[in-house]
Undergrad: 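The structure's right below; bear with me while I get my questions together.
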Amino acid sequence: MGKTIAEKIFTAHLRDEPFPGTYVLDLDRVLCHEITTPVAIADLEARGKDRVFDNTKIKAVIDHVTPAKDSKTALQGKMLRDWAHRHAIKDFFDVGHNGVCHALFPEKGYIRPGFTVIMGDSHTCTHGAFGAFAAGVGTTDLEVGILKGVCAFRKPKTIRINLTGTLAPGVYAKDVILYVIGQIGVNGATDRVIEFRGNIVDEMSMEARMTLSNMAIEAGGTSGICLPDMTTVEYLWPFIQNDYPSKEAACEDFRRWHSDEDAVYEKVLDFDVSKLEPMVTYGYKPDCVKAVAEMAGARVDQVYIGTCTNGRIEDLRVAAAVLKGKKIAEHVRGIVSPATPKIFKDALHEGIIDIFMDAGFCVTNPTCGACLGMSNGVLAEGEVCASTSNRNFNGRMGKGGMVHLMSPATAAATAIAGVIADARKF
Ligand SMILES: CC(C)[C@H](C(=O)O)[C@@H](O)C(=O)O
Ligand code: SF4
């Protein structure tokens with residue numbers, strides 16, 4: 001019987017099977033940020049176990065609120081910083097070098113096909129875009145991961161989602177994933193691995209695949225995996241060029257992680273997305289999804305472009321193409337947070353930052369900040385934000401505030417119009 005990519009990764013990393021169906025896996029990466037890791041660190045310290053399994057496999061960043069906004073966030077940052085220094089964690093990113101974890105770590109080349117990755121963050125599924133098994137975990141698992149480099153998972157049941165057809169101009173990975181979540185629901189993939197397949201995924205850039213995988217958790221998915229191919233090789237090439245004689249050789253090697261033709265899936269879902277239109281959310285759950293056309297005209301107070309979903313250079317390019325030479329509506333506060341310092345610099349050199357600023361946007365340093373309503377753009381009661389992020393829970397960006405999720409193109413058009421708008425009309 002054939003195996004899925006997740007099953008192959010599990011087999012290759014199996015340390016122990018304490019109960020049937022429960023696999024203890026060796027970890028290639030334990031990623032850390034300043035909101036959840038300090039809790040694990042404090043507990044390890046209290047238990048006299050302030051150790052790390054391998055300081056080269058642990059990567060850490062202060063990203064959620066940075067620079068610190070108050071004493072509490074300053075302490076969270078300090079705890080992570082002191083811990084990273086104490087254990088000589090070389091790949092630790094602080095003010096001036098830091099960015100949103102799920103954009104920064106892939107950009108640094110830390111994620112490879114076939115890897116097992118955990119982090120105390122629900123959007124760890126993003127890294128599945130590289131053909132890795134990447135999952136968000138709670139404090140206890142994070143502690144064990146830090147200490148021993150292992151994590152227990154249940155046998156991976158996989159839902160294969162085939163995305164086929166041709167994406168219409170102005171329709172992006174974000175529209176695809178919003179549509180998929182709208183179709184399968186916020187519990188549609190609970191405790192399941194989603195394997196994204198089909199020509200639409202094959203044709204996507206790594207950035208677009210990360211957008212897709214990023215939101216697997218919004219359908220309950222443990223991980224959202226894309227199969228590694230030449231696009232993966234091209235993205236990783238600066239980091240792997242000494243390991244392979246050629247890109248073709250790397251690509252061939254990555255094929256180890258392809259699901260077998262006769263792999264068994266719990267479910268196979270087919271979506272032809274040729275007729276798909278730009279999508280937007282309307283309620284307080286990510287599966288409350290409608291076509292932008294149906295929501296056009298709904299007023300917004302703020303437009304936020306950034307985050308681990310859509311704060312990458314490709315996203316900023318798309319938004320800038322819509323904004324170029326235009327001004328955002330007077331009543332709209334436009335905020336753009338390039339997800340990493342590299343993205344910020346690239347955007348600067350490409351003239352994208354100029355376009356945003358000339359349009360009336362405020363450009364923040366790379367941080368999660370507004371995405372989870374912690375800094376740099378918290379909403380007031382009753383306010384509405386058009387956002388390129390991944391969560392629209394009630395009060396997510398500020399108590400009493402409402403969030404509409406959308407693509408960077410739709411967000412840019414919405415900023416100009418001051419109401420939800422279709423970028424294809426601009
Ligand atoms: C702070 C962190 C635990 C949280 C998560 O796990 O997702 C955050 O990144 C979010 O998006 O809400
Ligand atoms: S950008 Fe938003 S969703 Fe992503 S890790 Fe940060 S807070 Fe979580």
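Here the structure is a predicted model, which means the values were calculated and not measured. When a ligand or atom number is given, it counts from 1 through the structure's own listing order.
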Undergrad: Would you mind running through ligand 2 and noting each atom that sits below 4.0 Å from a heavy atom of D121?
TA: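 Once the distances to D121 are compared, the set is 5 (S).
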Undergrad: Can you list the residues that meet the ring pair (Phe, Tyr, Trp, His ring centres under 6.0 Å) rule with H85, with sequence neighbours excluded?
TA: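 Here the qualifying residues are F92.
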Undergrad: Heavy-atom contact under 4.0 Å between M397 and ligand 2?
TA: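 Contact absent.
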Undergrad: Take atom 2 (Fe) of ligand 2 and tell me which protein N, O or S atoms are nearer than 2.8 Å.
TA: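 Those protein N, O or S atoms (cut-off: under 2.8 Å from atom 2 (Fe) of ligand 2) are C371 SG.
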Undergrad: Looking only at protein heavy atoms, which one is nearest to atom 8 (C) of ligand 1, and how far off is it?
TA: H64 NE2, 3.4 Å
Undergrad: Look at atom 7 (O) of ligand 1 and say which protein heavy atom is nearest, naming residue and atom and giving the distance to 0.1 Å.
TA: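 So the nearest neighbour among protein heavy atoms is S122 OG, 2.5 Å.
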Undergrad: Give every donor-acceptor pair under 3.5 Å between a side-chain atom in residues 402-409 and any protein atom, sequence neighbours left out.
TA:
residue	atom	partner	partner atom	Å
H404	ND1	T281	O	2.7
S407	OG	A409	N	3.4
S407	OG	T410	N	3.1
S407	OG	T410	OG1	3.1

Undergrad: Any N or O on H33 sitting closer than 3.5 Å to an N or O of ligand 1?
TA: no
Undergrad: Are D229 and R209 ion-paired here, with the side-chain N under 4.0 Å from a carboxylate O?
TA: yes
Undergrad: Would you call the rings of F153 and F133 parallel, tilted or perpendicular if under 30° counts as parallel and over 60° as perpendicular?
TA: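 F153 and F133: perpendicular rings.
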Undergrad: Hey, is R86 close enough to D82 for a salt bridge, meaning N to O under 4.0 Å?
TA: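 A salt bridge is absent here (no side-chain N lies under 4.0 Å from a carboxylate O).
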Undergrad: Using a 6.0 Å distance limit plus a 45 degree cone around the ring axis, check whether K59 lies over the aromatic ring of Y110.
TA: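 Yes, K59 sits over the ring of Y110.
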Undergrad: May I ask you to list the atoms of ligand 1 that are less than 4.0 angstrom from any heavy atom of H123?
TA: 7 (O), 11 (O)
Undergrad: Check each atom of ligand 1 against the heavy atoms of I35 and keep those under 4.0 Å away; list them by number with element.
TA: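 So the answer, numbered in order with elements, is 1 (C).
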Undergrad: Do the side-chain N and O atoms of H102 and N214 include a donor-acceptor pair separated by under 3.5 angstrom?
TA: no
Undergrad: Using 4.0 Å as the upper bound for N to carboxylate O, is an ion pair formed by R47 and E143?
TA: yes
Undergrad: Within 45° of the six-membered ring axis of Y282 and under 6.0 Å from that ring's centre, is NZ or CZ of K290 located there?
TA: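 Yes; both conditions hold, so K290 lies above the ring face of Y282.
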Undergrad: What atoms in ligand 1 come closer than 4.0 Å to a heavy atom of R391?
TA: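 Answer for ligand 1: 7 (O), 10 (C), 11 (O), 12 (O).
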Undergrad: Specify side chain, backbone, both or neither for R396, according to which of its non-hydrogen atoms lie closer than 4.0 Å to ligand 2.
TA: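 R396 to ligand 2: side-chain contact only, backbone stays beyond 4.0 Å.
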Undergrad: With heavy-atom distances below 4.0 Å as the criterion, list the atoms of ligand 1 near R396.
TA: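 Contacts of ligand 1 toward R396, numbered from 1: 10 (C), 11 (O), 12 (O).
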Undergrad: Is it the case that the ring center of F393 lies less than 6.0 angstrom away from the ring center of Y284?
TA: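 No: the rings miss the under 6.0 Å criterion.
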Undergrad: Going by the order shown, which atoms of ligand 1 are within less than 4.0 Å of some heavy atom of T36?
TA: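 So the answer, numbered in order with elements, is 3 (C).
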Undergrad: Of the side chain and backbone of D121, name the one, both, or neither that has a heavy atom under 4.0 Å from an atom of ligand 1.
TA: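 It is both parts that get close, each with some atom under 4.0 Å.
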Undergrad: Among pairs that include at least one residue of residues 349-378, which meet salt bridge (Lys or Arg N to Asp or Glu O under 4.0 Å), considering only residues two or more places apart or in two chains?
TA: R317-E350
Undergrad: Under a 4.0 Å N-O cut-off, is there an ion pair linking E383 with R333?
TA: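 Here E383 pairs with R333 in a salt bridge, since their nearest N and O are under 4.0 Å apart.
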